[in-house]
Each structure stands twice: as structure tokens, then as C-alpha cells.
Protein chains: 2
Amino acid sequence: MPGRKISVSAKDVAARAGVSRAAVSRTFTPGASVSQETRSKVLEAAEALGYQVNHLARGLTSQKTGIVALIGADLATPYRSELIRVLTERLQASGRVAILINTDRSDSTVDVALQQAIRYRAEAAVVLSGMPERSISELCHRNGLRLVLINRDDAHTGSVQIRLNDAEAARVALDSFLRAGCRRLALASSQAGTPSLLDRENGFLAEAEKRGLPVLCERLGPTSYESGLALGERLLVRAERPDAVFCTTDLLACGVMDAARHRFALSIPDDLSVIGFDDIEQASWNAYELTTFRQPVEEIGAAAVDWLSDRDAADGSRIIHLTAPMSWRKSVRGGNGK
Amino acid sequence: MPGRKISVSAKDVAARAGVSRAAVSRTFTPGASVSQETRSKVLEAAEALGYQVNHLARGLTSQKTGIVALIGADLATPYRSELIRVLTERLQASGRVAILINTDRSDSTVDVALQQAIRYRAEAAVVLSGMPERSISELCHRNGLRLVLINRDDAHTGSVQIRLNDAEAARVALDSFLRAGCRRLALASSQAGTPSLLDRENGFLAEAEKRGLPVLCERLGPTSYESGLALGERLLVRAERPDAVFCTTDLLACGVMDAARHRFALSIPDDLSVIGFDDIEQASWNAYELTTFRQPVEEIGAAAVDWLSDRDAADGSRIIHLTAPMSWRKSVRGGNGK
DNA sequence: TTGTAGGCGTTATCAT
DNA sequence: ATGATAACGCCTACAA
């Protein structure tokens, strides 16, 4: 027999307490009818034996496992890890558990992660990066797996999208540069090409074009500090050196700032104004004091968990729009924009 | 009946394929004997229906859920999130899944997290911060939950501790300062008082005392950048200003460096040498170039997962010692220590 | 209030 | 190779 009994079960407790298994079950089911006496007998036996209800077996009958999968790549990134912190906290507060699926390795795409989530009968999956194939999302639907898509496109049935005002924020960034007296505009982004990155890029570019302003535009590598460094180099060697750079991400912005200061001995914001996006912790560090847009992580977490708790929302898709407020610090010439 | 059937089961597949449930089970059990014909019938039906094996039910009989709990606070911290990234990746590579339990909120201690892990019949729990009560670790043992304690004290049966050479590293730090010609030594730490922090503090202090050197010593708040900032203020206002600070954590070190530069206009390493611990990503950023000790996260992950795969190790406790190599950068006067 | 019985989706055992 | 049958640990009618 593979794996003899390894943990204590309700049966053991029932035996020790001298009651039926059902009595044990009832004792641990909120709002069931048990007499005070048996209840305490059961509790005592459970305590002595170290019994914990098996949620897996419970989920088998009740069809509610309480498991929610968090799926994404670059889990150690400041913004991503912050989101994970918030989500786990709120999920737990609502009586659920998070399973975390890392899709960094090339052999583990979002699709296989979703299949894994189904195998563990997760009630929902929160997709933090990458995009599920259309076909796989049908699979999810058929298995009762609800989808929360954070900052990605293309909702399917039984899913929510949570989106930010990326394009508008980009326009605000442009406007801030202009009011600060900057004229040689630049845009720095990665090549990731995710929906939110694209929206920020296009929002900035479109607004500049509308005003007839040229923008020096570079896209490079993954969304990382190193890319920002390289981006800074490329942008700042130009003869016509930019005096303002909108970075689609704070990580990129930190890299650009460091390139400006340490490779070109430029001063920020006097020689160069910088605006980022995300408001990662480092953006507020004294070394950066980066003006940026704050990802409303708490609101995102709340929205996701609220939607999960809303049984009626299970079919049909929804889009929730949240806004990323500007966080003024010191990387833009001329103060707080007022 | 609460919750009608929500996902497709082996029964459904069996019905559609015209075979028994057992045949379906065998098809999805590696190394079971099924004829090529039934196998393909099953596979086809499974594909059409979108069937995924239910790992929860599987774990019920096999006693192996494949679930490992990651338990900790400050999940969004650079070092912590990096560790989580590595662990999830390696756990997945070994065919397991991580459930992530956040103990930030005061009502969710390590103990309740462990109980949660037991309820989900996790095979093991990796404790990243905090310490389980003695009594609860007995509970874990009784429920077959193995414990991996990273950088904490006090192993119990059925658990591994993974420890670093914290004290030795601290001695190396002291030595480096001395060779750089620093004489006014300081130590900056948080009040967290975790085993590894304590070892670093005591290692530094003990070695200094051995050599008859006084050390200015400050401990403050949680282990964060802000604490580092405050620590820097306190240390550097002194009349006898330190010319070297050993910070027990990189996050503290970044704060101290920023305080030195931005509040006291000091230059690093000319006016002040700094050494940290962890080698978080930011330590390598141009703004810091911090000399520090690298947490061997990959090795930690590997050790943890290897131990989990070693069935013989299930009883009896072990301590695994790993070393944190020094990472020379530019925050110590006089170069690379050679 | 309590116990009995059946079912949840699997896997393991035992015949066939 | 295949199918019936009995667990696994729990929940929930249903009957007592």
C-alpha cells in the first residue's frame, strides 16, 4: 500500500471522542447543529490528536476549494511582488488560499499554468503577465475556472479585466514636461509590448503628434533596470540630447536616471526631466525621487477579490477601469505641476 | 445539493470513450498498462471534453498532494521575493505546486499559516520568516508536514534548517573595513532580531572586541529602507562621525547611503565605507554599487527541494550550511580587497 | 441532536 | 489489458 496514513482524520477523532464521523464534521461546519456536549468532546479529541480539517477532501464534495491561482513571470520584480503581496493578503482575508505559478521558464507558459490551476481545481486564476490562448480560455470556462486578467487585453466569458488609464496618464506626462518647459521629448520603453505598455507608448506619441511635437523613441530588451540603463545611453549620446524622457516603467526610469547621472554627469531635473510608471518602492528612494504614476495595487486586489466573491459575475465578462494617480516628486523641472 | 457539477471528471470521459473509469485513470498514470487503442480513445474523449486530472482527489488516495507551502512576511521585499521566485520555479520543476501564505497581518502568524498548510495537506512548508511555536511543530510532525526553516533557529524533528555563514561574513566585513584604513566603525541593524541578523551583529561586534576596537552601534525599527535612512541620520550626526558602517541588510545599507549622500553631502566611499548583506538587485544599481554578501538563493532553493525529494530525510532533523560569498563593488574605500 | 448511507473524483486491488 | 470494487476523507440528506 503506497503511503500509509500520514495525517489524522475525522474518523480518528470520532473514534476517540466516541461519536460518529458526522458529528465531527458538524463540529467543524459553521452553523450546523451539534449539542454543546458532543461538540466539546469532539473539540477535545481533535485537540489531543492534532486534527485539522482536510480542505482538499472538503472541496471534493462542496465543489469549492478556496484555491486561487496567481500566474505570472518576473515574480521578483518590485511591482509584481507588491501585487502578489496584496493579492495573497486579500485572498486570505476572504478565506481563500493562493497558489503561485511561475511562468519564467520557457516551457511553462500561461497556458500550462492554467491547466495546472484546473488540475488543482482552483476557483479562479489571476493572470499577471502573458496572455492565455483563446482555446485554453474555453477550457477554463468549461472547468469552472474564472479568470482575472490584470492589465491585459481581450476578455473571454467568465473573466474580468482590470485596466488602468494608461493612455491618459501618458498624456498627463507629456503635458507635465511641456509645462516644465521641456521641448526635446523622448520615450523609453521595453520591447515587451504588453497592452499597458503599448497604451502608454501610444498615448504619449499620439498626444505629441497632435501637438506637432517630435519624439525621440527607443524600445529595448525586457522591462528591467538594465534595459533602462542601455536606453539612457542610446538616448543621451544623441547630438540633440533630450531634456525629457517618459519611461513606461519605473524600473526603466531608474536605469535612465542612473545612465544620465553616472555616464553623462547630467543633473536631474535640471538637465533632464524623467517620468516613470508604477511607483515602485525605489521610486521614492532619495537616490531617485522619481515623479511617476502610482499603480493602485490595493484597489486592484480589492477589485479582483470582490469580483471573485460575486457569484453572479461568474458568467459574462467585465472590464474594471481603475486610475493611476500621479505621484509628484523631484524628477521633473519646476516642482509639483501646479 | 450545493454546487452542481462544475468541472469535467474521469467518469464523463469514460462514458464518452465507452470505457471504464479505471481505463481513464490508467491512461493518465505514467507507466500503467493500457492498450494503444483504448488509450487513444480516452485521449480523444478527454481532449474533446477538456478533461484535466483532479490532483486534489488524486492526493486523497495517494497521500501525495504535491503541495508545498511558502510562509512568510514582507513578501514584496527584494530578497524575499527573489527567494519566492526561485522556490516556485524549482518546486514546479520537481512536479510540485507552491501555495503562498502571507503572514503580514498580525492575525495571521506563522502558526496559523502552518495550520492552513496542514488543512491543504501540504507535503512541506518552507518558513521564510517568523518562528513556529514548539507545540505547533509537533502538530506538523503528526500530520506529516515537513518543515524547511530558512535562516531560523531551533530545528525540530522532520525539518531542515538552511543557514548561512552570517557571523563569518560579518568578520570579513570588519576586516575589509580595517584594510581599507577605516577606524571609526559602526554597525546598523533593525530591531527584528532574527537569528541571521543577530549572528551578523554579534559576529561583527565580537570580532571588533577581540581586536579592541570600539563600535558605534544602532538598532532601529523594521528591516527597511526607511529604517536605514533613520539609522544613517543617527549615526552620522555624531561628532565622532563613523567612516565605516556595516549594515545587516542591503535595504538598510541603501538607506544609510542615501542619508550619507543626501542629508550629509558625504561621498561614498571617500568619506564613508558601507557594506551590506543580501545582494539584492538594487545593490548593483549604479546609484549604489554596494559591496555586500550574496544570498545564495539558487543554492537555497536547490537544497530545499532536494531535501524534500529525499524521503529518508523525513525523520530526524538536519542543518545545511551554505556560504554567502562577498560581492565587491565600490562602497568600500580602496577597491577590491586584494 | 444524532447516526447511517451515499456520493464527490481518484487510485489500488483483484478478478477476469 | 480491462472492469468491478473498495478505499481515501469529507459532506449532506435522510431517517431515527
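Only this structure's heavy atoms are used, side chains among them; waters, hydrogens and symmetry mates stay out. Below, read A as the first sequence line, B as the second, and so on, with proteins coming before strands; counting in each chain starts at 1.
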Arg39(A) versus Gln36(A), side-chain donor and acceptor atoms under 3.5 Å: no

Indicate yes or no: does Arg16(A) engage Glu44(A) in a salt bridge with an N to O separation below 4.0 Å. no

Give Phe28(B) one of three labels, base, sugar-phosphate or nothing, depending on what nucleic acid heavy atoms sit under 4.0 Å from its own. nothing

Counting only side-chain N and O atoms of Tyr51(A), is one of them less than 4.0 Å from OP1 or OP2 of dC10(D)? yes

DNA chain C contacts among residues 12-26 of chain A, heavy-atom distance under 4.0 Å: Val19(A), Ser20(A), Ala22(A), Ala23(A), Arg26(A)

Using a 4.0 Å heavy-atom cut-off across all strands, classify Glu37(A) as base, sugar-phosphate, or nothing. nothing

Atom pair distance, as rounded to whole Å: CG in Leu60(B) and P in dA6(D): 18 Å

Looking only at the side chains, is there a donor atom on one of Arg96(B) and Ser309(B) sitting less than 3.5 Å from an acceptor on the other? yes

In terms of side-chain heavy atoms of Val53(B), which of dT2(C), dT10(C), dC10(D) is nearest? dT10(C)

Check this for me, if you would: do Arg142(B) and Glu138(B) make a salt bridge, where the nitrogen-to-carboxylate-oxygen distance has to be below 4.0 angstrom? yes

Rounded to whole Å, CZ of Arg58(A) lies from C1' of dC11(D) at a distance of 9 Å

With the side chain defined as heavy atoms from C-beta on, Ser33(B) is closest, among dG9(C), dA1(D), dT2(C), to dA1(D)

Return the value, rounded to whole Å, for the distance between atom NZ of Lys11(A) and atom C1' of dT4(C). 15 Å

Rounded to whole Å, please give me the gap between CD in Gln63(A) and P in dG7(C). 15 Å

Compare the minimum distances between each of dG9(D), dT2(C), dC8(C) and the side chain of Ser35(A), then state the nucleotide with the smallest one. dT2(C)

How would you label the contact of Arg119(B) with the nucleic acid (heavy atoms, under 4.0 Å): base, sugar-phosphate, or nothing? nothing

Whether the Arg80(A) and Ser129(A) side chains hold a donor-acceptor pair (N or O, under 3.5 Å, no angle test) is what I'd like checked. yes

Nearest-angstrom distance from the residue atom CD of Gln36(A) to P of dT2(C): 10 Å

How many whole angstroms separate atom CG of Asn54(B) from atom P of dG9(C)? 8 Å

